[in-house]
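Everything quoted here is computed from the prediction, not taken from an experiment. Side chains included, hydrogens not; waters and symmetry mates left out as well; all remaining heavy atoms used. Below, chains carry the letters A, B, ... as their sequence lines are ordered, and counting in each starts from 1.
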Protein chains: 2
Amino acid sequence: MTELKEKIAGEITISENPGDVIKKWRKMFQVSQVELASHMDVASSVISDYEKGRRKPGTPLVKKIVESLIEIDNEKGGEVIERFSKPGQEGILSIGEFAKSIPLTTVVENVEGEFISEGKWEKEIYGYTVIDSIKAILSMKSFDYLSIYGWSTERILFFKGVEHGRSPLIAIRSTPLTPAAVSYIKPKKIDELSLKLAEEEGVPLIRTDLEVDELIKRLKNGCELP
Amino acid sequence: MTELKEKIAGEITISENPGDVIKKWRKMFQVSQVELASHMDVASSVISDYEKGRRKPGTPLVKKIVESLIEIDNEKGGEVIERFSKPGQEGILSIGEFAKSIPLTTVVENVEGEFISEGKWEKEIYGYTVIDSIKAILSMKSFDYLSIYGWSTERILFFKGVEHGRSPLIAIRSTPLTPAAVSYIKPKKIDELSLKLAEEEGVPLIRTDLEVDELIKRLKNGCELP
DNA sequence: CAGTTTTTTAGACTATTGACGAAATGCGGT
DNA sequence: ACCGCATTTCGTCAATAGTCTAAAAAACTG
């Protein structure tokens, strides 16, 4: 949902003619100016002024327009939103980029993790993705493994719902890209095959016993910004 | 490039604290307020006022900030931009969503196309993707076939650089999703196997002899908005 | 620690936005 | 042609953005 909001807001903002883009998305959501204005508690001529370019919207107003379109569609059953749901990303619980690269050892420390793989790993991490393995497996035919890389492959992947560690590694090996590191969230027992697979990929394995919510919180707060 | 700009602008706009997001991205690009301000030809205290939330940016200003960050990075070799390049999308020439669903027959008419597959096709099309098959093949190991679906699978895919029509269909069959239609741009000769493959997928094959630029233009102008 | 750079803060002024209401225009249906 | 609904246009005013300069505070480096 946030991604769609950002997409719309970004497109409006970057455009040479924000008014045209506002109008385009309003029509996409099949909402009249009167309806949008009513939802926003303004006069409909306000919407027209922006769409025709008489006024340039500030960010608070773009935010309000976008959120209103989303809310109106939800009230109508969410059909348009459904159409704009990207396929294959159901199992991604959280994904983000760090403001600066962070040493892997620091990330692991922050999430109270411990290395399963032996050796000294001096990688720099630029982002993270937290994945629910069960959901990913259930949508096996459609899960978009490439989407877990978001904006960079130099990231650490956290898998929840893993027992022995194999399936994420096998899936990762089926894509053309390689993450910087893989971590399991509260795994049962990591077997030797997983270690071997990871070694062949040059990917360090880590484990953490943090709760998922706490993990995500730490990734967002502890690693993203000073 | 546009996608990254929209991503940054969208995140700034949708945020409860745009100033914090502006600061985050400025730091990500490793640019000081002084440098950014100088590039934008304003006083550095202007940047501070926005980052600290004393002023709320209008869309023209967000646009200017984002474009300045990108330009500054380009001047420094583009390393940060490179880091944020999504892998696997090198062969996508153009991708877009229609404001409303359009009957396939109308789309085909607009691009002066003709059906190769027999029968009456009454599909509704929600978007398009124009793909350079040569580039996609060259980055064979990393081309992200799922990315061609953008925000919806209900789209028509146009393949440029196709001789007999097989490779796109084989590639499509290797992903878990199915497009609404497939069109070739100036193909040599479509062989029977391609027809058969398409038939098995329930995907109509179309051909068009438009130049790629003209095709993209028509898709953007003729189909996107009335 | 000192010096330099970066960021923040505050006051001030001009231009523009945010928003209204009323009138005009456009469009589709009967 | 008329009606109802949607959109556009325009004038107006209060509030806020866009921007400056100068000083203070914070951060960084050797």
Side-chain angles (χ1 to χ4, degrees), chain A residues 9 12-69 72-73 75-76 80 99-102 224-226, chain B residues 9 12-69 72-73 75-76 80 99-100 224-226:
Chain A
I12 290 169
T13 303
I14 293 297
S15 169
E16 295 283 352
N17 300 290
D20 290 343
V21 181
I22 292 175
K23 184 170 186 175
K24 170 187 139 183
W25 281 99
R26 177 173 64 76
K27 284 173 173 259
M28 254 187 209
F29 279 95
Q30 295 168 56
V31 175
S32 70
Q33 288 183 349
V34 174
E35 191 180 3
L36 178 56
S38 173
H39 192 273
M40 291 168 66
D41 218 24
V42 296
S44 66
S45 58
V46 170
I47 307 297
S48 183
D49 281 341
Y50 287 111
E51 289 187 357
K52 303 303 296 186
R54 187 170 179 249
R55 293 282 185 264
K56 296 173 189 173
T59 50
L61 194 107
V62 173
K63 186 173 189 276
K64 199 171 171 186
I65 287 175
V66 172
E67 285 176 346
S68 293
L69 289 175
I72 292 173
D73 194 62
E75 282 161 19
K76 297 185 183 178
V80 178
K100 279 202 220 163
S101 68
I102 302 182
E224 276 197 9
L225 260 192
Chain B
I12 290 170
T13 304
I14 293 298
S15 170
E16 296 284 350
N17 301 292
D20 290 343
V21 181
I22 291 173
K23 186 171 185 176
K24 169 187 141 186
W25 281 99
R26 180 176 60 79
K27 286 177 174 250
M28 254 188 210
F29 280 97
Q30 295 169 55
V31 175
S32 69
Q33 289 183 348
V34 173
E35 191 178 3
L36 178 56
S38 173
H39 191 275
M40 292 169 64
D41 218 24
V42 297
S44 65
S45 58
V46 169
I47 306 298
S48 183
D49 281 340
Y50 287 112
E51 290 188 354
K52 302 304 295 184
R54 187 173 180 239
R55 292 284 185 262
K56 296 172 189 172
T59 50
L61 195 107
V62 172
K63 183 170 189 280
K64 197 170 173 188
I65 288 176
V66 172
E67 285 176 346
S68 293
L69 289 176
I72 293 172
D73 194 65
E75 282 161 19
K76 296 185 186 176
V80 179
K100 280 202 217 163
E224 277 198 6
L225 262 191

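Heavy atoms of A/S32 sit under 4.0 angstrom from primed sugar atoms or phosphate atoms, though from no base atom. Across all strands shown, A/A43 has heavy atoms under 4.0 Å from sugar-phosphate atoms exclusively, and none from any base.
Without hydrogens or angle criteria, A/T59 side chain to B/P57 main chain gives a donor-acceptor distance under 3.5 Å. Without hydrogens or angle criteria, B/S68 side chain to B/K64 main chain gives a donor-acceptor distance under 3.5 Å.
Annotation: the span from A/S32 atom OG to A/K27 atom NZ amounts to 11.0 Å, rounded to 0.5 Å. Interatomic distance, CG of B/D73 versus CD of B/Q30, reported as 8.5 Å (0.5 Å rounding). From A/I22, atom CD1 reaches atom CD of A/Q33 across 10.5 Å, with rounding to the nearest 0.5 Å. Expressed to the nearest 0.5 Å, how far CD1 of A/I47 lies from CE of A/M40 amounts to 4.5 Å. Distance CG/B/D49 to CD/B/E51: 10.0 Å, rounded to 0.5 Å. Between B/K63 atom NZ and B/I12 atom CD1 the span is 13.5 Å, to the nearest 0.5 Å.
Between the CG atom of A/L36 and the C1' atom of D/dA6 there is a distance of 13 Å, rounded to whole Å. With rounding to whole Å, A/R26 atom CZ is found 11 Å from D/dA6 atom P.
Between A/I72 and A/L36, the shortest heavy-atom contact is CD1-CA, 4.1 Å.
Annotation for B/E75: atom CD counts as buried by contact number, over 12 foreign heavy atoms lying within 6.0 Å.
The shortest side-chain heavy-atom distance between B/Y50 and B/L61 falls under the 4.5 Å cut-off.
Taking 4.0 Å as the cutoff to heavy atoms of chain A, we find the contact window on DNA chain C bounded by C/dT17 to C/dA22.
In this structure, the nucleotide among D/dT8, D/dT21, D/dT9 sitting nearest to the side chain of A/D49 is D/dT9.
An angle of 60°, rounded to 10°, separates the two end axes of the helix from C/dC1-D/dG30 to C/dT30-D/dA1, each defined over five pairs.
Of the residues in residues 51-65 of chain A, A/K52, A/R54, A/R55 come within less than 4.0 Å of DNA chain D through at least one heavy atom, sorted by number.
A residue-by-residue look at A/V42 and B/S44 shows that B/S44 has its nearest nucleotide of DNA chain C further toward the 5' end.
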